[in-house]
Protein chains: 2
Amino acid sequence: MAVTIKDIARLANVSHTTVSRALNNSPLINDKTKNRIKQMADELNYTPNVNAKGLVTLRSYNIGLFFSTLSTGTSANFFYDVVRGVNMVIKDQYNLVVKSIDEFESNYNRISARQYDGIIVMSQTRADRVLIEHAISVGIPVVLLNRAAGDLNVGNILSDDLKGAYQLVDYILNCGHRQVGIIEGREGFQSTIQRKNGYIEALKDHGIEPNPELCIQGRYDVGSGYEAMRQLLKGKIRPSAVFCSNDDMAVGAIKAVIEADLQVPQDISIAGFDDNVFAAYLSPELTTVKRPIELISREGAAMIMRMIDHKLKSGKEHAKIPIEHITIESELVIRKSIAIFTPITATRKVGE
Amino acid sequence: MAVTIKDIARLANVSHTTVSRALNNSPLINDKTKNRIKQMADELNYTPNVNAKGLVTLRSYNIGLFFSTLSTGTSANFFYDVVRGVNMVIKDQYNLVVKSIDEFESNYNRISARQYDGIIVMSQTRADRVLIEHAISVGIPVVLLNRAAGDLNVGNILSDDLKGAYQLVDYILNCGHRQVGIIEGREGFQSTIQRKNGYIEALKDHGIEPNPELCIQGRYDVGSGYEAMRQLLKGKIRPSAVFCSNDDMAVGAIKAVIEADLQVPQDISIAGFDDNVFAAYLSPELTTVKRPIELISREGAAMIMRMIDHKLKSGKEHAKIPIEHITIESELVIRKSIAIFTPITATRKVGE
DNA sequence: ACAGTTTATGCACACGTGAACAATTATTAT
DNA sequence: ATAATAATTGTTCACGTGTGCATAAACTGT
């Protein structure tokens with residue numbers, strides 16, 4: 001049997017109330033007894049019973065980190081950065097509970113405010129909405145990462161994928177490319193749509209009509225990038241550059257190009273998205289868009305902690321939580337996987 | 001306020017005990033009332049309070065997944081496979097709580113049997129021993145993955161890294177290479193030592209004395225592979241093949257080779273370890289050793305659940321948990337990053 | 001010295017659940 | 001029909017912690 005505050009109380013000849021107060025640093029307790037009790041607790045290796053504590057304080061000390069899916073569509077580097085970022089911030093104040101939303105089979109009843117003090121949703125798809133609404137309805141603070149919250153009353157941190165993709169494709173076009181293809185992400189994901197839209201807008205702004213034959217669906221994994229590129233190579237029109245919706249697919253695409261006895265970027269240029277750890281070490285080094293995933297995750301963790309604190313302070317009832325929305329800029333990373341046909345400076349107007 | 005069994009009891013005109021029993025499928029309760037109560041619970045969206053439940057059943061429904069570190073030395077693909085594997089098995093029966101051991105700062109008091117029903121340690125280093133001993137001492141079932149348990153009384157699942165490395169280096173030597181270098185993993189990690197030993201044994205069995213100049217320390221990340229390879233290329237003796245202790249470092253090493261205007265595998269052959277998702281898509285496709293990380297993790301999760309169940313059945317006291325040890329074979333994956341100078345079959349004796 | 005005030009501690013209850021034991025009702029055997 | 005037995009339900013307590021209220025002790029000002 002583990003030691004409880006009652007055990008300490010008995011040994012210290014005080015009531016368990018005093019022990020409880022002492023260990024929680026209550027100002028009601030004399031400093032002398034407080035220190036004495038703290039020391040005893042230390043010596044006895046006292047560990048508070050989280051269950052008993054949570055039962056009365058209505059807290060669980062769990063923070064949920066929910067991904068839309070943990071199978072296809074979530075790249076390993078992405079996942080790793082997210083968990084690391086969140087973990088870095090919450091430290092040992094909370095337990096980090098990792099879940100995959102697609103496992104719930106739309107039975108969200110088990111998700112209660114008593115089980116999670118807060119939930120961070122790394123959201124890829126609108127289908128997550130049901131879960132988020134459930135969490136809100138039972139009074140759990142929610143932070144949504146990676147896609148726009150829309151009318152949902154949750155904290156929100158996102159990177160501007162559309163803008164990132166736009167800048168990248170704009171750069172590709174400024175390099176003189178005209179037939180630019182795209183390997184899209186997993187169907188239904190918001191990021192897939194955003195990046196495609198950035199691609200389309202950039203093309204249009206350069207007076208080019210997007211060609212459906214140059215748009216191939218992928219799934220964000222290496223294999224799908226490879227398959228998609230092979231498909232592109234079989235097509236009537238050969239693109240001179242291909243924008244892969246993430247770096248993983250870019251690896252697969254490069255492989256397909258090389259297998260076809262062509263060279264990157266001389267014959268076909270390739271760009272990615274994310275700037276994962278491998279991007280700089282591929283051959284050729286990958287031109288891509290840096291999406292600060294770890295930063296987003298850290299910010300998300302900090303935000304959920306603010307929201308939890310606020311909820312605690314403002315009376316234990318369903319309080320209005322001040323909602324914050326933060327957008328984190330992505331950044332074009334120019335390396336060597338895009339061939340330059342036109343001196344770029346020439347196509348840019350000064351000041352733009 | 002959320003609904004409790006007492007609320008249901010009031011509405012159903014029974015005692016809360018009856019409700020508790022009905023929902024836990026006790027045989028003591030009449031099927032008719034049982035169904036009636038279950039239906040009511042359903043309609044009222046009843047969610048059991050885990051804290052209250054845990055307080056009396058002595059369970060937390062948390063399974064800890066502890067990594068030695070979440071910063072340098074844990075590759076993203078590895079991490080992803082582990083979490084996915086474990087998550088796949090425990091489903092929604094347990095919460096998966098991810099922690100990094102190096103964050104505890106050797107204060108393990110917060111880890112109690114009430115907080116974790118079981119702990120899976122994905123262990124890289126012997127330093128984890130202190131944590132594991134603490135967990136055992138407070139009665140938490142522990143499964144150790146990835147390195148040998150030694151005298152520790154824990155479940156154990158590991159891949160035979162030494163053998164895997166041996167087979168790989170043996171293959172390299174059989175291909176006719178004589179100057180074989182190694183880029184080692186992060187210092188102090190068990191896997192680093194195992195793989196190096198496999199390398200050394202293979203060399204010796206071929207009558208070659210390991211050359212310290214061809215052994216460079218890495219850290220398991222891409223960048224360190226790149227740096228290590230550059231260092232090797234600067235050395236007096238140029239290796240004809242280099243065994244990188246994981247695939248991530250192999251990516252970095254290949255980069256360094258190409259940057260030096262050399263070709264893989266014609267000028268320098270490269271091999272990796274792990275067989276991560278990228279291995280087959282590099283150019284050249286990477287020869288490596290498949291380590292079934294996801295399988296190990298699934299087995300580990302299944303094992304910890306068996307141990308927890310056993311502990312529950314055999315009276316709630318510190319019961320002797322039957323300890324299992326499982327070794328999972330790794331597998332040589334021959335692709336194209338090792339140049340073949342000698343017909344391999346010629347160097348093999350039949351039946352060996 | 002005495003009332004008033006501050007400081008320090010204890011008592012009793014609540015949180016939601018499960019289980020031992022008691023009590024009631026239904027069923028069976030004689 | 002009645003005792004014995006089985007089936008069902010209820011009563012009460014415990015788990016470990018925190019908090020409102022009561023109480024005791026120490027201090028203050030006059």
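None of these values were measured; they are calculated from a predicted model. Quick note on labels: first sequence line is chain A, next is B, and so on, each numbered from 1.
Following rounding to the nearest Å, A/Ile29 (CD1) and D/dA25 (P) show an atom-to-atom distance of 16 Å. If you take CZ of A/Arg114 and P of C/dA14, they are 18 Å apart, rounded to a whole angstrom. B/Asn30 places its CG atom 11 Å from the C1' atom of C/dA26, with the value rounded to the nearest Å. Between A/Asn51 atom CG and D/dA14 atom C1' the separation is 15 Å, expressed in whole Å. Look at CD1 on B/Ile5: it is 8 Å from C1' on C/dG18, rounded to the nearest Å. Counting to the nearest Å, the C1' atom of C/dT17 and the CG atom of B/Asp7 are 13 Å from each other. Protein atom CG of B/Leu28 is 16 Å distant from nucleotide atom P of C/dA22, rounded to whole Å. For A/Leu55 and D/dG18, the CG to P distance is 11 Å, given to the nearest whole Å.
Annotation: side chain to side chain donor-acceptor pair (under 3.5 Å) contacts of B/Ser71 (sequence neighbours excluded): B/Thr69. Remark: B/Asp7 pairs with B/Arg10 by the salt bridge (charged side-chain N to carboxylate O under 4.0 Å, His left out) rule, at least two apart or across chains. With sequence neighbours left out, the side-chain contact (heavy atoms from CB on, under 4.5 Å) criterion links A/Ile90 to A/Ile63, A/Val86, A/Tyr94, A/Leu96, A/Ala301, A/Met305. A search for side-chain contact (heavy atoms from CB on, under 4.5 Å) contacts involving B/Thr17 returns B/Ser15, B/Arg21, not counting sequence neighbours. In this view, A/Asp31 satisfies the side chain to side chain donor-acceptor pair (under 3.5 Å) rule with no residue, not counting sequence neighbours. Under the ring pair (Phe, Tyr, Trp, His ring centres under 6.0 Å) criterion, B/Phe66 pairs with B/Phe104, B/Tyr116, sequence neighbours left out. Annotation: side-chain contact (heavy atoms from CB on, under 4.5 Å) contacts of B/Leu11 (sequence neighbours excluded): B/Met40, B/Leu44. With sequence neighbours left out, A/Ser297 forms a side chain to side chain donor-acceptor pair (under 3.5 Å) with no residue at all.
Contact check, A/Lys53 against D/dG18: a side-chain N or O comes under 4.0 Å of OP1 or OP2.
Applying the salt bridge (Lys or Arg N to Asp or Glu O under 4.0 Å) rule to pairs touching residues 39-59 of chain B yields B/Arg59-B/Asp117, sequence neighbours excluded.
Taking every heavy atom of residues 31-47 of chain B and every atom of DNA chain C, pairs under 4.0 Å involve B/Tyr46, by number. Near-neighbour residues of DNA chain C inside residues 13-26 of chain A, defined by a heavy atom below 4.0 Å, number-ordered: A/Asn13, A/Val14, A/Ser15, A/His16, A/Thr17, A/Thr18, A/Arg21.
Ring geometry for B/Tyr108 against B/His134 counts as tilted: the plane angle lies between 30° and 60°, on a 0 to 90° scale.
Remark: side-chain polar atoms of B/Asn51 are not paired, donor with acceptor, to backbone N or O of A/Ser60 under 3.5 angstrom.
Distances were taken from every side-chain heavy atom of A/Ala52 (C-beta onward) to each of C/dC15, D/dG18, D/dT17; the shortest belongs to D/dT17. Counting only heavy atoms from C-beta on, A/Asn49 has its side chain closest to D/dG16 among D/dT9, C/dG16, D/dG16. Comparing atom distances between the A/Thr4 side chain and each of D/dT17, C/dT9, C/dT17 picks out D/dT17 as nearest.
Taking the six-membered ring for Trp, B/Phe67 and B/Phe79 have ring centres closer than 6.0 Å.
With the end axes of the helix from C/dA1-D/dT30 to C/dT30-D/dA1 each set by five pairs, the angle from one to the other reads 40° at 10° resolution.
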